[in-house]
> 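Sending over a structure as structure tokens; questions will come in a sec.
Residues take their numbers from the sequence shown, with the count starting at 1.
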Amino acid sequence: MRKRQVVVRREEPARSSTTISSVRYGECQRNHAASVGGYVVDGCREFMASGDEGTSAALTCAACGCHRNFHRKEIETEVVSECSSPHNSSNRT
């Protein structure tokens, strides 16, 4: 019979923090020769949308014609938090 150990974590009160993320799509990784058993990429270095945001053309690369999912996704995340100094608990009289 196995014993199970349960660990309960108590989280600190929520601090004021903001996460800023930006997404960029890099070089195309589509293998154009997959159907014949080879490996050939087109050399497209960065995704450029063919149309305006919100349209289906925004998901197609203007340079190589591939869907945005074939391009390497780069996510840059920055967490900004506000920390206050601990309060002094001693009583001053």
> If hydrophobic residues (ILVMFWY) are linked whenever their side-chain heavy atoms come closer than 4.5 Å, directly or via other members, who joins Val36 in its cluster?
none
> Which residue pairs pass the salt bridge (charged side-chain N to carboxylate O under 4.0 Å, His left out) test when at least one of the two sits in residues 29-54, sequence neighbours left out?
Arg24-Glu46
> Tell me, please, which residues at least two apart from Asn31 pass side-chain contact (heavy atoms from CB on, under 4.5 Å).
Ala33, Ala34, Tyr39
> With sequence neighbours left out, what residues match Glu27 under side chain to side chain donor-acceptor pair (under 3.5 Å)?
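In terms of side chain to side chain donor-acceptor pair (under 3.5 Å), with neighbours along the sequence ignored, Glu27 is linked to Arg72.
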> Decide side-chain contact (heavy atoms from CB on, under 4.5 Å) for Arg68 and Ser50; before the verdict, give the C-alpha distance in whole Å, the side-chain angles of both, and the deciding distance to 0.1 Å.
CA-CA 10 Å; Arg68 184 175 71 181; Ser50 295; over 6 Å; no
> List for me each residue that meets side-chain contact (heavy atoms from CB on, under 4.5 Å) alongside Ser35, sequence neighbours excluded, and say none if there are none.
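Applying side-chain contact (heavy atoms from CB on, under 4.5 Å) to Ser35 gives none.
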> Does Ser21 use its side chain to pair, donor to acceptor, with the backbone of Thr77 at less than 3.5 Å?
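Such a contact is absent between Ser21 side chain and Thr77 backbone.
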> Check the pair Cys61 / Cys44 against side-chain contact (heavy atoms from CB on, under 4.5 Å), numbers first and verdict last.
CA-CA 9 Å; Cys61 182; Cys44 178; 3.8 Å; yes
> Please step through side-chain contact (heavy atoms from CB on, under 4.5 Å) for the pair Glu74 and Ser22, ending with a clear verdict.
CA-CA 8 Å; Glu74 300 170 354; Ser22 63; over 6 Å; no
> Roughly how far, to the nearest 0.5 Å, is the OG1 atom of Thr60 from the NE2 atom of His67?
6.5 Å
> Hey, what else clusters with Val23 if you join Ile, Leu, Val, Met, Phe, Trp, Tyr whenever side-chain heavy atoms sit under 4.5 Å?
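Answer for Val23: Tyr25, Phe47, Ile75.
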> Quick one: side-chain contact (heavy atoms from CB on, under 4.5 Å) partners of Ala58, sequence neighbours excluded?
Thr55
